[in-house]
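Notes to accompany the following structure.
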Amino acid sequence: TLSHTETLSIGNVSSGSLIGRRFQSREIPQFKQGSVFIYRFTSIQTHKATYEMIEPKKREYMHLEIARSQRQLMSTEDIEENARLIAINFNEGLLHVSENEEKIFIIKINNIAGKKSKLEKDLDSSKTFNFKALSILQTLPEYWSIDQKLAFTVIEEACDCLFQTGDFATIESLTNELFQNKNIRKCSICR
């Protein structure tokens, strides 16, 4: 008996286009919930094989829609509790996000995920989340004028992560870049 079941939710995808002819419906039980097909797998290998058959661009959209649904349907507490999972899904679909408001949310959720990872002593994940937040932040025009506190917090967390991993050269590079930014003088937090 298998003790583990994997579930994959895919919006508006027919089973024929997702799953090759090799798989029979009895191997991959599916059910429809609204316009979403949900596939339940009894094997991690079957889950991975099926996931790999989805075109990479469709996977990005799938992750983005899952993250957007999580954000919409979860309470604030649930979002914070599941920050890492939500951040991973948003990060996978990030190329398809164009609204600055949504990017700011993704920065915040990566920041929360980075802090949670740091608390659990998972410094590699913390560094990944914090630098994802930083890279998104740097794509926003005039990010210091959008949300100074968020910008400062993201940079502070990234530097803290670098410090804990002993990457002092990158800290120096990041802080030099930070202090060369003319908007830092306008930042009320840094005065």
Side-chain angles (χ1 to χ4, degrees), residues 8 48 51-52 54-72 74 76-191:
L8 175 65
K48 287 180 181 178
Y51 181 79
E52 290 298 319
I54 302 170
E55 295 173 34
K57 198 153 200 100
K58 287 184 180 179
R59 273 188 248 155
E60 292 171 3
Y61 281 111
M62 180 182 73
H63 282 286
L64 183 57
E65 288 307 311
I66 290 170
R68 285 175 172 161
S69 294
Q70 290 169 322
R71 178 182 181 191
Q72 182 181 11
M74 288 183 173
T76 305
E77 296 80 26
D78 288 340
I79 288 173
E80 286 191 18
E81 186 175 319
N82 295 289
R84 287 179 285 200
L85 178 62
I86 297 168
I88 289 167
N89 281 317
F90 267 122
N91 294 345
E92 288 290 326
L94 187 60
L95 290 175
H96 308 289
V97 175
S98 58
E99 298 294 321
N100 283 349
E101 181 183 324
E102 189 169 33
K103 287 181 181 180
I104 290 169
F105 176 80
I106 297 169
I107 292 167
K108 289 177 181 178
I109 202 72
N110 272 287
N111 189 254
I112 293 167
K115 288 177 182 179
K116 289 178 83 70
S117 295
K118 184 171 68 173
L119 286 173
E120 293 182 7
K121 307 292 186 219
D122 184 356
L123 296 179
D124 289 335
S125 293
S126 180
K127 187 175 179 179
T128 300
F129 288 123
N130 283 307
F131 273 86
K132 180 58 80 173
L134 182 61
S135 71
I136 300 166
L137 179 72
Q138 291 172 333
T139 67
L140 297 176
E142 299 295 320
Y143 61 86
W144 278 106
S145 62
I146 293 173
D147 189 335
Q148 292 177 354
K149 186 176 181 181
L150 176 64
F152 190 80
T153 300
V154 167
I155 292 168
E156 180 184 39
E157 284 296 319
C159 286
D160 184 49
C161 211
L162 291 168
F163 181 79
Q164 291 200 28
T165 58
D167 191 349
F168 303 113
T170 307
I171 292 174
E172 185 176 3
S173 169
L174 184 58
T175 54
N176 285 340
E177 178 186 330
L178 177 67
F179 291 116
Q180 288 174 2
N181 184 334
K182 65 182 178 188
N183 291 320
I184 190 75
R185 293 180 200 104
K186 299 175 188 175
C187 176
S188 62
I189 295 168
C190 303
R191 286 189 220 157

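Residues take their numbers from the sequence shown, with the count starting at 1.
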Shortest non-hydrogen contact from A158 toward L134
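Nearest pair, atom of A158 first, then L134: CB-CD2, 4.2 Å.
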
For [X], check salt bridge (charged side-chain N to carboxylate O under 4.0 Å, His left out) against everything at least two apart and list the hits.
X: R84; answer: E120
X: E102; answer: R68
X: E55; answer: K58
X: K127; answer: D167

Got a second to check how far [X]'s [atom1] is from [Y]'s [atom2], nearest 0.5 Å?
X: T128; Y: L123; atom1: OG1; atom2: CG; value: 10.5 Å
X: R71; Y: I86; atom1: CZ; atom2: CD1; value: 10.0 Å
X: Q138; Y: L140; atom1: CD; atom2: CG; value: 10.0 Å
X: C161; Y: F131; atom1: SG; atom2: CZ; value: 7.0 Å
X: N82; Y: M74; atom1: CG; atom2: CE; value: 4.0 Å
X: K121; Y: Q164; atom1: NZ; atom2: CD; value: 7.0 Å

Hey, is the main chain of A113 close enough, under 3.5 Å, to the side chain of S117 for a donor-acceptor pair?
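Yes, because the side chain of S117 sits within donor-acceptor range (under 3.5 Å) of the backbone of A113.
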
Kindly list each side-chain donor-acceptor pair under 3.5 angstrom involving residues 88-97, sequence neighbours excluded, with atom names and distances?
residue, atom, partner, partner atom, Å
N89, OD1, H63, ND1, 2.6
N89, ND2, Q70, OE1, 3.4
N89, ND2, L85, O, 3.3
N91, OD1, N110, ND2, 2.9
N91, ND2, A87, O, 3.2
N91, ND2, N110, OD1, 2.9
H96, ND1, Y61, OH, 3.2
H96, NE2, E60, OE1, 2.6

Considering residues at least two apart in sequence or located in another chain, which fulfil the side-chain hydrogen bond (donor to acceptor under 3.5 Å, both in side chains) criterion with D122?
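side-chain hydrogen bond (donor to acceptor under 3.5 Å, both in side chains) check on D122 returns S125.
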
Quick one: does [X]'s side chain get under 4.5 Å of [Y]'s, heavy atoms only?
X: I136; Y: K132; value: yes
X: I79; Y: I112; value: no
X: N100; Y: P141; value: yes
X: N130; Y: N111; value: yes
X: K115; Y: T153; value: yes

